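Reading through the structure tokens given below for one structure.
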Amino acid sequence: MLSKVKRPRAGGPTPLQLARLLRSAAVDKKAWDAVVMDVRDKTSVADYFVVCDGETDRQVRAIADGMVEAAKARQLRPLAVDGYDDASWILLDFDSVLAHVFLPGERSYYDLESLWGRADKRRRKAV
């Protein structure tokens with residue numbers, strides 16, 4: 001089995017630092033239950049998932065926008081953005097980090113936290 005090794009760009013954040021940055025940006029936009037999931041041992045798709053939800057489609061878009069702006073401040077841009085028009089589940093692909101921003105019903109329906117099993121979750125309370 002081939003392992004995907006990702007090295008940060010010179011001066012760029014590590015995947016974990018990027019995941020934490022995206023989670024922090026989500027919390028700044030009042031996202032609910034923002035978590036970082038370590039999926040390195042589960043998949044080669046990404047190293048970390050950032051999962052959160054917002055109350056309305058407008059807030060889901062604002063959370064995703066906040067994440068993109070925080071990344072841009074570090075000279076990073078998502079490789080792809082999906083679901084922005086509908087805004088029930090927005091996916092931001094930063095290669096080694098995938099950010100999932102859901103409406104509450106969508107998050108519970110897809111239940112990525114359970115789907116990816118015992119992936120290590122890092123939760124931080126908003127201060």
Side-chain angles (χ1 to χ4, degrees):
M1 180 170 150
L2 295 175
S3 176
K4 183 162 77 169
V5 176
K6 296 185 182 105
R7 299 187 189 339
R9 293 185 321 177
T14 66
L16 180 56
Q17 289 169 334
L18 175 58
R20 289 176 175 164
L21 174 75
L22 297 176
R23 179 185 58 199
S24 177
V27 168
D28 287 347
K29 295 294 182 178
K30 308 300 183 211
W32 296 347
D33 197 21
V35 297
V36 172
M37 297 173 56
D38 182 346
V39 294
R40 291 175 293 177
D41 294 335
K42 305 281 184 196
T43 183
S44 61
V45 172
D47 292 337
Y48 297 95
F49 288 173
V50 177
V51 181
C52 64
D53 50 342
E55 188 172 3
T56 64
D57 59 342
R58 183 174 287 177
Q59 185 185 16
V60 167
R61 284 188 194 98
I63 293 165
D65 289 345
M67 290 175 155
V68 169
E69 289 302 316
K72 279 184 184 178
R74 302 286 299 267
Q75 288 75 45
L76 298 169
R77 297 186 192 282
L79 300 174
V81 175
D82 195 23
Y84 196 86
D85 292 336
D86 175 301
S88 60
W89 176 3
I90 297 177
L91 173 66
L92 304 174
D93 180 354
F94 286 94
D95 187 34
S96 58
V97 179
L98 297 178
H100 304 269
V101 186
F102 290 100
L103 284 174
E106 298 294 313
R107 183 176 184 173
S108 63
Y109 178 79
Y110 290 104
D111 196 12
L112 294 183
E113 288 100 330
S114 292
L115 180 65
W116 288 98
R118 296 179 168 253
D120 180 34
K121 288 189 225 178
R122 293 182 171 93
R123 296 179 189 269
R124 182 169 292 167
K125 299 258 185 207
V127 180

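Position 1 is the first residue of the sequence; numbering continues from there. Since the structure is predicted, the reported quantities are computational estimates derived from the model, not experimental observations.
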To the closest 0.5 Å, what do you measure between NZ (Lys30) and CD1 (Ile63)? 11.0 Å
Working to the nearest 0.5 Å, report the span between CD of Glu106 and CG of Asp86. 7.5 Å
Flag the pair [X] / [Y] as yes when at least one side-chain heavy-atom distance between them is below 4.5 Å, and no otherwise.
| X | Y | value |
| --- | --- | --- |
| Asp93 | Pro78 | no |
| Val35 | Cys52 | no |
| Glu113 | Val51 | yes |
| Leu98 | Val50 | no |
| Ile90 | Asp82 | no |
| Leu76 | Pro13 | yes |
| Ser88 | Val60 | no |

Has [X] got a side-chain atom pairing as donor or acceptor with [Y]'s backbone, closer than 3.5 angstrom?
| X | Y | answer |
| --- | --- | --- |
| Asp38 | Arg40 | yes |
| Ser108 | Gly105 | yes |
| Gln59 | Lys29 | yes |
| Glu69 | Gly66 | no |

Residues passing the salt bridge (charged side-chain N to carboxylate O under 4.0 Å, His left out) test with Asp57, sequence neighbours excluded, are Arg61
Apply side chain to side chain contact (heavy atoms under 4.5 Å, CB included) to Asp53 and Val101, showing your working. CA-CA 5 Å; Asp53 50 342; Val101 186; over 6 Å; no
Locate the shortest heavy-atom distance separating [X] from [Y]; write the atom from each residue and the value.
| X | Y | answer |
| --- | --- | --- |
| Val27 | Ala34 | CG2-CB, 4.0 Å |
| Ala87 | Leu103 | O-CG, 3.7 Å |
| Gly12 | Gln17 | O-OE1, 4.5 Å |
| Pro15 | Asp47 | CG-OD2, 3.6 Å |

Val39 vs Tyr48, side chain to side chain contact (heavy atoms under 4.5 Å, CB included): CA-CA, chis, key distance, verdict: CA-CA 5 Å; Val39 294; Tyr48 297 95; 5.7 Å; no
Step through the shown structure and confirm whether more than 12 heavy atoms of other residues, nucleotides or ligands are within 6.0 Å of CD on Glu55. no
Give me the one residue out of Tyr109, Trp89, Trp32 that meets ring pair (Phe, Tyr, Trp, His ring centres under 6.0 Å) with Phe102. Trp89
Apply side chain to side chain contact (heavy atoms under 4.5 Å, CB included) to Val68 and Arg77, showing your working. CA-CA 7 Å; Val68 169; Arg77 297 186 192 282; over 6 Å; no
Mind telling me whether His100 and Phe49 have parallel, tilted or perpendicular rings, with 30° and 60° as the class edges? perpendicular
Val97/Leu22 under side chain to side chain contact (heavy atoms under 4.5 Å, CB included): CA gap, chis, key distance, verdict: CA-CA 9 Å; Val97 179; Leu22 297 176; 3.8 Å; yes
